[in-house]
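This report concerns only the one structure given below.
All heavy atoms count here, side chains included; hydrogens, waters and symmetry mates do not. Order of listing sets the numbers, starting from 1, for every ligand and every atom in it.
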Amino acid sequence: MDIKNADFTSIFNVASLQNRHLVDLHWFTLAICVLIAFVVTGLLIAVIAKFRTPENDDGSEPRQIQGNIRLEIIWTAIPLLIVTVLGVLTAIVMLVVNPPVGNKQPDVVVIGHQWWWEYRYPKLGVTTANEFYLPVGKNTLFEFRSADVVHSFWVIAFGQKMDAIPGHPTNMWVHPIKTGKFLGTCSEYCGAQHGLMRIIANVVPQEEFDTWIEKQRAVPEQPTDPAAVRGKELFNSATCVECHRVAGNEDAQALIGPDLTHIAQRETLGTGVLANNTENLKKWMQNPQTFKPGVNMPKMRLTDEEAQDIAVYLESLK
Ligand code: CUA
């Protein structure tokens, strides 16, 4: 997986219009804070220098300024003004970043599961898992749901986090402004493998997005390679089909685990845990607990040959 060129380092590597507004507000707030720090520190130093005890100090009290109306008004008005400006700007940014959704239909529905992500594009009839695509330059409405506990969706360069709460859908707008691979992670503790509940967001030009959608909608060809044919039979007779769906394979229509229709197109396995290749897939099936202790996928008790055949079948699902 080309994770080296992926961005997961900083919210300041701004990849969405929404994050642009958030980061701009951040810098503005920081500038005011720095200004206050300079003014206060400067005044403090000036006062220390000017009013230090003179050598011939007679111990008498200096002139008192208690009850100075003008000073009282100034040091009440300035903080009030700063807090008001920041409050109004924050409210404006919140409205711009999260405008009311009304009854708009989401473009992407993200469902948090222990410990993977399901992505549905209801308008386009696509369901996939763990890695998803967005077109650049288009405001996309997300809806978040959870199949079990509270998760939180956070692609770092998109700025915002949003909780996925069981029984209470939430929304977020993302308007990507640059192409690339942006990484994220679940950011609400959700159990043993919270730390390995990774997100891979691919932002691509519209044409590339359309091609990806086309590929996702296509039903994969039936296997012809003998190993893949054997693999499919094993896959259908083992417990795999109790949890997984593969379009075009009538025995595999369960929606408990990730949809495997186009698993061969993905870069990673186990939600970003392993690079996706036949060898790793085989190891993963034989003992997923080694790579992700607590994962809901059971150890499959497959012989080497069986695991190999199923892996060949799954890797044929392009
Ligand atoms: Cu899902 Cu933390």
Is any protein N, O or S atom closer than 2.8 Å to atom 1 (Cu) of ligand 1, and if so, which? His151 ND1, Cys186 SG, Cys190 SG, Met197 SD
List the atom pairs, donor and acceptor, that lie under 3.5 Å between side-chain atoms in residues 37-57 and the rest of the protein, sequence neighbours left out.
{"residue": "Thr41", "atom": "OG1", "partner": "Ala37", "partner atom": "O", "Å": "2.4"}
{"residue": "Asp57", "atom": "OD1", "partner": "Gly59", "partner atom": "N", "Å": "3.3"}

Could you measure the distance from the CG atom of Leu314 to the CD1 atom of Ile263? Nearest 0.5 Å is fine. 5.5 Å
From Thr128 atom OG1 to Arg120 atom CZ, the distance as rounded to the nearest 0.5 Å: 12.0 Å
Gap separating the CG atom of Asp259 from the CZ atom of Arg245, nearest 0.5 angstrom: 5.0 Å
Identify which one of Trp212, Phe142, Tyr133, Phe132 satisfies the ring-ring contact (aromatic ring centres under 6.0 Å, His included) criterion when paired with Tyr119. Phe132
I'd like to know whether the aromatic ring centres of Phe144 and His151 sit less than 6.0 Å apart in this structure. no
